[in-house]
Amino acid sequence: MSFTTDESLVPAGLRTAYCGALRTGDTGRTVSVCGWVARRREHGEHLAFVDLRDHTGIIQCVVDGARDLRSEQVLRVTGTVRPRPEGTANPALSTGEVELGECEVEVLSTAEPPPFSLDARSETDEAVRLRYRYLDLRTDRMQHNLRLRAQVNSALRRAMERQGFVEVETPMLWTPTPEGAREFAIPSRLQHGSFYVLPQSPQIAKQLLMVGGLDRYYQIARCMRDEDLRADRQFEFTQLDIEASFVGQAEVLGFVSEAVSEAAFAVTGEQQPEIVTMTWNQALDRFGTDKPDLRFGMELVDLGDAVAGSELNVFKAACVRAVRVPSAGEWPRSRLDALVERALELGAAGLVWMRVRAERVLESPVAKFLSEAHQRQIVAATYADPGDLVLVVAGERERTCKVLGQLRLDLGQPAVSERPLCFAWITEFPLFEGMDDDGHLVAAHHPFTMPHPDDLDLLETDPMAVRSQSYDLVLNGWELGSGSIRIHRADIQRRVFKALGVSDEDAESRFGFLLGAFRYGAPPHGGFAVGLDRFVALLAGEDNIREVIAYPKTQSGADLMSGAPRPLADRQLAELGIRVVPTGAPGRPGSTGSPRSLGSPGAAGSPGAPGPSGA
RNA sequence: GGACCUGUGGUGCAGCCUGGAGUGCACGCCGGCCUGUCAAGCCGGAGGUCGCGGGUUCAAAUCCCGUCAGGUCCGCCA
C-alpha cells in the first residue's frame, strides 16, 4: 500500500528530506522540505501549525506567524526535527511522532483557493475533478492509484524480460483494417484523401514480428478504439501485449500467469495461488458467463435429473437450472416479484422461486405441481437448507445459464475492492459466434485464431461446434484480456476465411501484407493482451478505470481539462485537404459567460454514415 | 441510436412529489480573537442567471416540453 521506494531515495535540489519520511530517528536534524500547504491551524499571531504535503505524506511544521500562508501554496520550509510534546502525537500520520520546529518559510509559489477540497474525506463531482485534474492528481487517491499503476508496469516488464521477451515499439500511425473496432482516422498531409489509423491493437504488427524472428515480443502498448465509452472502457487504453513463437496454449498461459502474478505480488505482497483454468462450456454451466467472479459461491445447479419426469410443462425444457440464494427464504413477495421481472428483462421465459421451509418443504407457486420426490430431489441437488431461496430458470441452455448467471451477480457479487484476487483462465471458446446479416459466420476472437486441433474436421460440416485455441483471462468477474494461438498455415487460414465468407480476393485486399508475409516462413505462434487499465483498477479497488488514468475522457469523449476535441483552424484543415460537413445543428450552445465553461465546442463530427474505413 | 439517474453560492447536500420572497445545513473563502492544534476552536461577514431555452400559472428551483453537460447501462467494443 505504501510506496517505500521514496524513502530510499536521496532528496536533492531545494530539499534535504521528504515530508512523509521524517521519524523520531531524525530528531535534531535541520532539514528543508518542499510541498503544498495541506492545512493550517492558527493560534494567534505567534503560533501556527502548517501541514506540509508532498507525495510521500504530511509533516506538521510549527510556524511563528503564518498570516499570509494559504491552502495549496508551495513552500520550502527549513526547520529542526523534534519530537512532539507529550500527548500531542498524531497516530493518523506516518510522521505523527515528530514535527518541524523553528521553521523558516519560503513561499515558492502562491495559490488561489482550490475549487474543491483535496481532503480524502470530501467527495467531489467527477466533472469538477476532471476539469481541474492537475489538482485532483494531488489527492491521496490519485497519487496512490498512479503509483500503483507504475509498480504494476514495472513488475510486468520484469516478468516479461525474465522470460526472454523483448520490448518492441510498433507504429501509432497504422493502416486501416476493415474489421474490428471503429478506428480513429488520421489524415495524410502529403497524400490528400488518404488516411492512417491509430491501432486498435498491435495485432498484425506483432504477428509480423514473429515472422521477423523476434521470437518473444512484448510491449506496454496504447490502443485506440472509437467505440462508446463505459466505466471500463476509454477511447485509448493500455495493454500488456505479448506474442511468442514455437509455443502452444499452455506456454502462453504460463507467460501471462507469471506476469500478472508478479504484478499482483508487487501490489499486495501476497504470493498468488496457481490460476484456475476452466473451459468456456464449464464457465457457462457453473457461472452462466464467460467471465466468472470466483470470489463467491452460488454456482448454478443443473436440475435436469432432479425434475426428470415432472408433469410441470416449464420443466420439460432443454435446460433446467437453479441458483441457491442463502438465507433469502424470508424475502417478501414484492422482492420475489422484482426478481421475476428482472429475469424476464434478461430474456428468460420466466422464473420460478422456491422458498425452502422447515423439513425442507418447498413453498412455491409451482409446489402443488411437483411431486414430493421431485421436491426432495430439487432440495438435494441445490444443497438448499431451510431459510434459503432457490431460483429456477428453464429454457434453451445458453440463455438459461446467462440469466441465472446475471441473477447470481445481482444477488451475490461483492464490491470490487473485496478480496481475494481470483484469476481464472477460460479456454476453448467457440471459434465462431453466430451469423452476420449476410449469413456469414462471425469470428468470436479474430479471423487468425487457430481452431482446436480435434475440431478441424468440423470446419465445413458443423462450424458452430468448432472450438478455438483462444482463451481469456478473468479477474473477479472482469475480462482482463484475451489471446489465441494463431493460424500460421495457409491451408487452414483459407478454410477459416471460407467459413467466414471471405473470398480469396477479399482476403488479399484486406490482409494482403500479413498473408504475404506468411508465405515466407511463419513460425507457429500465439499471444495475449492484458487490459492494464482494468487490471490496475481492480488492484486499486476502483470500479472505474478513469480512477487509474491520469487524464481520462468523459463518456461523451471530452477531455474536460484541455477542451478536446475542438474544431481545427481553417488553414490546418486546408493543409490536410479536409472539408468539414456541418452536422445540421445550426445553433451552437455558444460561449456562455463562464470562462471555465468548456462545454462542447461544436461537434464537427461525421454524420452517421458508414465511417471512413468502410471501404 | 436507445433507457435511466443527476444538475441549487467555490465544494457537498436538503428544498422539488404537494408552486407562494433564494429558505436551510455542513465545508471552504474573507475579517477579528486565540501559544499545542491536527478536518483546531469562538465571533462576524461576503458569496446565487436554482445548467440553458420555451411553456402552463396571478406566481416556477418546484409542474410540462425541448436542449446541454456529467454518470450508469443497452446497442457497439473482430
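Per chain, numbering begins at 1; letters A, B, ... match sequence-line order.
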Among residues at least two apart in sequence or on other chains, which ones pass ring-ring contact (aromatic ring centres under 6.0 Å, His included) with A/F235? A/F184

Taking the C1' atom in each of B/C68 and B/C52, what is the distance between them to the nearest angstrom? 7 Å

In whole angstroms, how far is the P atom of B/A69 from the CE atom of A/M561? 19 Å

Test: salt bridge (Lys or Arg N to Asp or Glu O under 4.0 Å). Region: residues 474-490 of chain A. Which pairs qualify, not counting sequence neighbours? A/E243-A/R486, A/R489-A/D491

Just checking A/R546: base, sugar-phosphate only, or nothing, at a heavy-atom cut-off of under 4.0 Å? sugar-phosphate

By nearest heavy atom, map A/Q200 and A/A231 onto RNA chain B; which one lands nearer the 5' end? A/A231

Quick one: A/E227 CD to B/C73 P, roughly how many Å, whole number? 16 Å

Taking B/C73 as the reference, what is the distance to B/C64 when you measure between their P atoms (whole Å, please)? 27 Å

Can you see if the side chain of A/R121 gets near the phosphate of B/U11 - specifically, an N or O under 4.0 Å from OP1 or OP2? no

Are the charged groups of A/D472 and A/K291 less than 4.0 angstrom apart, N to O? no

Would you say a side-chain N or O of A/S122 is under 4.0 Å from OP1 or OP2 of B/G12? no

In B/S/- notation, 5' to 3', how is nucleotides 28-38 of chain B contacted by protein heavy atoms closer than 4.0 Å? -SSS--BSBBB

Of the listed nucleotides (B/G12, B/C74, B/U72), which one gets closest to any side-chain atom of A/R230? B/C74

Separation of B/G10 atom C1' from A/R131 atom CZ, nearest Å, is 12 Å

For A/L130 and B/G71, give me the distance from atom CG to atom C1', rounded to whole Å. 11 Å

Rounded to whole Å, CZ of A/R233 lies from C1' of B/C73 at a distance of 11 Å

Please list, chain by chain and in numerical order, all residues satisfying salt bridge (charged side-chain N to carboxylate O under 4.0 Å, His left out) with A/R133, sequence neighbours excluded. A/D136

Whole-angstrom distance between B/G9 and B/C25, as gauged at atom C1': 14 Å

Name the closest nucleotide to the A/A127 side chain, picking from B/G70, B/G71, B/C77. B/G70

Please list residues of residues 234-242 of chain A whose heavy atoms come under 4.0 Å from any atom in RNA chain B, ordered by number; otherwise none. none

Donor-acceptor pair present, A/D228 side chain and B/G75 base, under 3.5 Å: yes

Using Watson-Crick or G-U wobble geometry with both distances below 3.5 Å, tell me the partner of B/C42, or none. B/G32

Report yes if a side-chain nitrogen or oxygen of A/S117 is closer than 4.0 Å to either non-bridging phosphate oxygen (OP1 or OP2) of B/A39; otherwise report no. no

Expressed as a whole number of angstroms, how long is the span from A/D125:CG to B/C27:C1'? 16 Å

Between A/E183 and A/R225, is the closest basic N to carboxylate O distance under 4.0 Å? no

Applying side chain to side chain contact (heavy atoms under 4.5 Å, CB included) to A/T27 and not counting sequence neighbours gives A/T24, A/P83

Given B/G12, B/G70, B/G71, identify the nucleotide with an atom nearest to the side chain of A/T124. B/G12

Which whole-number value in Å describes the distance from A/D543 CG to B/G71 P? 13 Å

A/E126 CD - B/U11 P separation (whole Å): 15 Å

Return the 5'-most residue of the pair A/A443, A/Q555 with respect to RNA chain B, ranking by each residue's nearest nucleotide. A/Q555

According to side chain to side chain donor-acceptor pair (under 3.5 Å), who are the partners of A/E126, at least two apart in sequence or on a separate chain? A/R546

Base, sugar-phosphate alone, or nothing: which one does A/A558 contact when heavy atoms must sit under 4.0 Å apart? sugar-phosphate

Contacts of A/R141 meeting side chain to side chain donor-acceptor pair (under 3.5 Å) (sequence neighbours excluded), chain-then-number -> A/E542

Sequence neighbours left out, what passes ring-ring contact (aromatic ring centres under 6.0 Å, His included) with A/W425? Give chain and number order. A/F528

I want to check something: taking the side chain as every heavy atom from C-beta on, are A/L441 and A/L431 in contact at a cut-off of under 4.5 Å? no

Measure from the ring center of A/H43 to the ring center of A/F49 and say whether it is less than 6.0 Å. yes

